[in-house]
Amino acid sequence: MILQTHGLHRAFGRHEALRGLDLSVPEGSAFALIGANGAGKTTTIKVLMNILEPSEGAATILGVDSRKLSPRELAQIGYVSENQDMPGRLTAGQYLNYLRPFYPSWDRELEHSILSDLRLPMERKIHELSHGMRMKLALACALPFRPKLLILDEPFSGLDPLVRDDFMQGVLQQAGEMTVLISSHELAEIEGVVTHVGFIDEGKLLLAESMDHLTTRLREVRVTLEKEASVPQQIPDDWLQVRAIGNVLSFVSTRFSEETIAGKLAALLTDIRRVDVQPIALRSIFTTLARAVREGDI
Ligand code: ATP
């Protein structure tokens, strides 16, 4: 595991933002941290980056306790966050000149290719850049040293769709060589890129799985009946978001199996005309889990 947390707690006054978070990110993965507003994603990332200290528990990153991160490890970690601190009086070009010597593995050619993709005004002072331009600059600073680990906290906020594409393209250029931990609400943007998903709720990790596994076991099922549909009295415990509209009964199965679905449906419903099964998009995974948490189903 390239990073791990064990029983991580972090309190702000009396509010516990993290309440025993256990997270493991496998090396080489592109791991999405998802969860509702205030779930604790940014706090987790800040603890990992040693911007915040844990109140209890520990985080290990590149084999080192987060509280002991040294320039050696930091030279292998790219970090991009929405509220990144950058020296506003410097131009983008001056800032890159300043950063390069800190990173033994800085690749000037890669830097040029990233900068030409991102089309940043290098002569303008950072405080004169728009929010989106600053995010692009943060990425341009985080990628050229080919980090072993790239941590992105809400990297798309304020970015226009073209820049989002450029941004993901920049990240993808190096995918496979590095591990990526990304916290984002822009689930459509990261859908095709992430290999693992961790769902945080109220400071705890409720679920962490590979996308392959998750999309195999979670399926949207639509059952069209010959008559008006109604929600069955006894709902199997792996069915979430069960709805009856017209003659269609729909639900998300969290333990879908091709072999057992027909039998399960036949035991509960009559007059089935057809059954449609769809893989579930990351956005629906999020809304399904978030609703299930809210309704006490998981
Ligand atoms: P979002 O998706 O809205 O960015 P998040 O999952 O990143 O949310 P965090 O920013 O980690 O959530 O916040 C978790 C909780 O901790 C929230 O309830 C927030 O109000 C609280 N919190 C975070 N930082 C502080 C702080 N500096 N002082 C007090 N409370 C804080």
Side-chain angles (χ1 to χ4, degrees), residues 1-26 29-70 73-74 77-85 138 149-158 179-187 190 194 196-211 214 218 237 240-241 254 282-298:
M1 293 294 157
I2 197 158
L3 71 82
Q4 255 177 324
T5 72
H6 301 281
L8 205 61
H9 284 255
R10 170 68 206 203
F12 295 103
R14 282 164 55 196
H15 177 71
E16 278 217 289
L18 300 182
R19 300 187 302 144
L21 185 98
D22 293 311
L23 174 71
S24 295
V25 174
S29 61
F31 194 110
L33 215 46
I34 64 174
N37 289 134
K41 303 176 295 294
T42 296
T43 307
T44 305
I45 287 177
K46 285 187 172 169
V47 170
L48 287 166
M49 291 303 297
N50 198 24
I51 297 167
L52 291 173
E53 286 218 345
S55 318
E56 265 178 65
T60 316
I61 180 162
L62 299 176
V64 175
D65 187 297
S66 61
R67 285 162 290 199
K68 297 192 176 131
L69 276 177
S70 71
E73 289 82 36
L74 290 171
I77 303 173
Y79 171 57
V80 177
S81 91
E82 192 184 350
N83 304 307
Q84 194 122 7
D85 257 348
L149 176 63
L150 180 66
I151 298 186
L152 305 168
D153 188 8
E154 281 297 343
F156 303 113
S157 90
T179 307
V180 183
L181 177 67
I182 180 165
S183 145
S184 178
H185 291 290
E186 309 299 332
L187 302 177
I190 58 175
V194 298
H196 291 69
V197 179
F199 183 83
I200 296 192
D201 178 60
E202 294 191 351
K204 285 190 178 154
L205 192 73
L206 277 194
L207 165 156
E209 269 177 60
S210 74
M211 274 299 276
L214 204 55
L218 259 68
D237 64 1
L240 298 175
Q241 280 179 242
T254 57
L282 189 55
R283 188 182 183 282
S284 305
I285 292 176
F286 175 86
T287 53
T288 301
L289 294 173
R291 275 202 196 102
V293 164
R294 205 166 58 192
E295 286 157 20
D297 292 339
I298 54 173

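- No side-chain heavy atom of Glu82 sits less than 4.5 Å from a side-chain heavy atom of Gln84.
- Among residues two or more places apart in sequence or in another chain, the side-chain contact (heavy atoms from CB on, under 4.5 Å) test is passed with Thr288 by Leu240, Gln241, Val252, Ile280.
- Note: Ser183 OG to Leu152 CG = 9.0 Å, rounded to the nearest 0.5 Å.
- One N or O on the side chain of Glu73 and one on the backbone of Ser70 form a donor-acceptor pair closer than 3.5 Å.
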> Given the rule in the side chain to side chain contact (heavy atoms under 4.5 Å, CB included) test, do Leu207 and Glu209 qualify, once you have shown the distances and angles that lead to the verdict?
Replying inline: CA-CA 7 Å; Leu207 165 156; Glu209 269 177 60; 4.0 Å; yes

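- Few gaps surround CZ on Arg67; more than 12 heavy atoms of other groups in view lie less than 6.0 Å from it.
- Rounded to the nearest 0.5 Å, atoms CD1 (Ile151) and CD1 (Ile45) are 6.5 Å apart.
- Glu202 pairs with exactly one of Arg19, Lys41, Arg294 by the salt bridge (Lys or Arg N to Asp or Glu O under 4.0 Å) rule, that one being Arg19.
- Summarising the geometry, atom CG belonging to Leu8 is positioned 10.0 Å from atom NE2 belonging to His6; distances are rounded to the nearest 0.5 Å.
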Donor-acceptor list for residues 46-63 side chains, cut-off 3.5 Å, not counting sequence neighbours:
from: Asn50; atom 1: ND2; to: Ser66; atom 2: O; distance (Å): 3.4
from: Ser55; atom 1: OG; to: Ala11; atom 2: N; distance (Å): 2.8

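- From Thr254, atom OG1 reaches atom CG of Asp237 across 7.0 Å, with rounding to the nearest 0.5 Å.
- When all heavy atoms of Phe156 and Ser184 are compared, the closest pair comes out as CD1-OG, 3.4 Å.
- Residues Leu18 and Glu16 are not in side-chain contact: their nearest non-hydrogen atoms beyond the backbone lie 4.5 Å or more apart.
- Rounded to the nearest 0.5 angstrom, Ile182 CD1 and Ile190 CD1 are separated by 5.0 Å.
- Checking each of Leu282, Leu289, Leu187 against Val197 for a side chain to side chain contact (heavy atoms under 4.5 Å, CB included) leaves exactly one that passes, namely Leu282.
- With contacts defined as side-chain heavy-atom distances shorter than 4.5 Å, the pair Leu214/Ser210 does not qualify.
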> What's the verdict on side chain to side chain contact (heavy atoms under 4.5 Å, CB included) for Ile200 and Lys204, showing C-alpha distance, side-chain angles and the deciding distance?
Replying inline: CA-CA 6 Å; Ile200 296 192; Lys204 285 190 178 154; over 6 Å; no

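- When all heavy atoms of Val25 and Ser29 are compared, the pair lying nearest together is CG1-OG, 3.6 Å.
- Residues passing the ring-ring contact (aromatic ring centres under 6.0 Å, His included) test with Tyr79, sequence neighbours excluded: none.
- In this structure, CG on Leu181 lies 7.0 Å from CZ on Phe31, to the nearest 0.5 angstrom.
- Shown here are the side-chain hydrogen bond (donor to acceptor under 3.5 Å, both in side chains) partners of Thr42, two or more places apart in sequence or in another chain: Asp153.
- Partners of Glu186 under the side-chain hydrogen bond (donor to acceptor under 3.5 Å, both in side chains) rule, at least two apart in sequence or in another chain, are Arg164.
- The side-chain heavy atoms of Leu23 and Leu33, taken from C-beta on, include a pair separated by under 4.5 Å.
- Classified by interplanar angle (parallel below 30°, tilted 30° to 60°, perpendicular above 60°), the ring pair His185/Phe286 is perpendicular.
- Thr179 contributes no side-chain N or O that, together with a main-chain N or O of Leu149, makes up a donor-acceptor pair within less than 3.5 Å.
- Under the side-chain hydrogen bond (donor to acceptor under 3.5 Å, both in side chains) criterion, Asp22 pairs with no residue, sequence neighbours left out.
- When every heavy atom of Val194 is checked against every heavy atom of Ala32, the shortest pair comes out as CG1-CB, 3.7 Å.
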